Each structure stands twice: as structure tokens, then as C-alpha cells.
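Structure, as C-alpha cells:
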Amino acid sequence: MKISDNFKYKGLRSKLVKELKIKGIKDENVLSAVESVPRHFFVDDALLELCYLDKALPIGNKQTISQPYTVAFQSSLLEVKPNDKIMEIGTGSGYQAAILSFMKAQVYTIERNRFLFRKTKKILFDLGYGILTFYGDGYNGLPKLAPFDKILITAAPPEIPVFLLSQLKIGGILVVPVGDSVNQEMLLIKKLSDKKMDVTKHGCFSFVPMLKNKS
Ligand code: SAH
């Protein structure tokens, strides 16, 4: 049973938001989501004291909850608007999905690891976020629910998963860290037409790999 939110955690979140501003996060909607969503609900009790530091933390099965800066940075690149239909690949702890949902997006999130899928589905349900969770291989996306306004990949593929661009609306945005298992470059791909994509680069990051198939 998770402890509830309180002034101590709210204070730590305000401090975290100040830190994210100093590090260059400007999107007010993103900052207010970080200020409001209790990150401590998404980590194990043993890590409660660490969860408002700007650090990635283990969530089991060799996976991590992304660093708050990274969550805020990817969320800013997505330019989230109310009612945006967003597919997230790599549910993990569910924290990133909760941030997008707080920003009033309709969130569809896919996880390939059955253990994390089950654990996080329950946490998101208990918290009352209307997020739809799917167990599957994100490389396939969600063809029956496409197209999406935005696609966010929170694990790192070795190259752009081109197939997923077919599930993006024209004018839509896909954000993905592409690279090897150590370093990746954050790419923002804007779909200008069915054949034309505008790709911009947004710095180096370190994510766990995007693996094929379910486990
Ligand atoms: N967004 C998460 C970050 C999770 S780390 C959070 O806020 O906590 C990346 C996650 O991607 C891991 O849980 C990993 O199991 C998952 N993953 C890796 N390859 C995947 C794939 N092909 N499809 C779906 N999920 C994948």
C-alpha cells in the first residue's frame, strides 16, 4: 500500500520543478504536470526518499523509470494539446503515461514485459488515470487504434521504427531516442505527408533498449 501524497512530497516536487526550469524545461503544462503527479506512487517503497531527485531509478526486471528531466524533455517535444491521442511505447512504471494523461491527452501505452505490464496496469487503474494499457511489442504499434496525433518511444531502438510512422497522423509528431545500448540521440520526426518527414535532433540521452517481441 502506497503512502498518500502530503506536504513533504509536494514541497519536494516544487523543488524538482525549479531544478527542471534551471535545466531548460519551459513548457508550463509539462512543469505543472511534474508538480502535480506524485512520482512516489510509481516507485517501490524502498526508493521513496530518492524519487524526487532528478534521477532514473530501478523499477524491477532491469528496467528504469526515466529521469524526471528526460520525461519533461520528451513531453515538451511532443507539444501536448488537450485530447491529443498519444501512443507511448515502453509503459515501464507508468509515470510518463500519467504525466501525459495529466496534460489531458488520451494515452495508449504498450509494454512488452509481462511482469511490468501487470504491475503498472494495476497502479494506473488504482490511481484512476483513464490510461489504456496494452501488453505487446511496441514495434507493431496499435494498428487497430491508429492513427495517433503523437507517438512517444521511451526505450531506445537502434534505428527509426519506420513502420510506426504509418500509425501517425499527417502533421503528427514521433519522439524517439535512436542509438546503441549506451547512447542515443533524441529525434523528433514530424510527418509532413505520407512520404515526407522532417527529422530534427535534440541531444544525447541514455535509455534501456527497445527489444523485439514480448517477454
Ligand atoms: N516510460 C517509462 C520508462 C520505462 S523504461 C516510465 O515512465 O517509467 C522502458 C520500457 O520499455 C521498459 O519497461 C521496457 O520493458 C519497455 N520496452 C522495451 N522494448 C519494448 C517494446 N518493443 N515494446 C514495448 N515496450 C518495450
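Atoms within each ligand, like the ligands themselves, are counted from 1 in listed order. All figures in this text were calculated on a predicted structure; none of them were measured in a lab.
Remark: minimum distance from atom 13 (O) of ligand 1 to any protein heavy atom is reached at Glu111 OE1, 2.7 Å. Scanning the protein heavy atoms around atom 4 (C) of ligand 1, the nearest turns out to be Thr64 O, 3.3 Å.
Linking ILVMFWY residues whenever their side-chain heavy atoms come closer than 4.5 Å, directly or via other members, places Ile65 and Tyr9 in the same cluster.
Between Tyr129 and Phe42, the ring planes are tilted. Angles from 30° to 60° get that label. Ring geometry for Phe205 versus Tyr69: interplanar angle under 30°, hence parallel rather than tilted (30 to 60°).
Close approach of ligand 1 to Thr154 is summarised as follows: ligand atoms under 4.0 Å from at least one heavy atom of the residue are 1 (N), 2 (C), 3 (C), 5 (S), 9 (C). Near Met210, meaning under 4.0 Å from one of its heavy atoms, ligand 1 places the atoms 18 (C), 19 (N), 22 (N). For ligand 1, the atoms sitting less than 4.0 Å from at least one non-hydrogen atom of Leu116 are 13 (O), numbered in the order shown with element in parentheses. Ligand 1 places these atoms under 4.0 Å from at least one heavy atom of Thr91: 1 (N), 2 (C), 6 (C), 8 (O). Atoms of ligand 1 found under 4.0 Å from any heavy atom of Ala155 (numbered from 1 in listed order, with element): 11 (O), 18 (C).
Close N/O approach between Ser93 and ligand 1 is found [any backbone or side-chain N/O within under 3.5 Å]. Here's the thing with Leu211: one of its N/O atoms is less than 3.5 angstrom from an N/O atom of ligand 1. In terms of N/O distances under 3.5 Å, ligand 1 is not approached by Ile65. On a distance-only criterion, Gln96 and ligand 1 share at least one N/O pair closer than 3.5 Å. In terms of polar-atom proximity, defined here as any N/O pair under 3.5 Å, Gly138 does make such a contact with ligand 1.
There is no side-chain donor-acceptor pair under 3.5 Å between Thr91 and Glu111.
Proximity of Ser101 to Leu124: side-chain heavy atoms (C-beta onward) are nowhere separated by under 4.5 Å.
Residue-ligand proximity: Thr109 is placed with every non-hydrogen atom at 4.0 Å or more from ligand 1. The closest approach between any non-hydrogen atom of Pro209 and ligand 1 is below 4.0 Å.
Contacts between Lys212 and ligand 1, counted as non-hydrogen atom pairs separated by less than 4.0 Å, are absent for every part of the residue.
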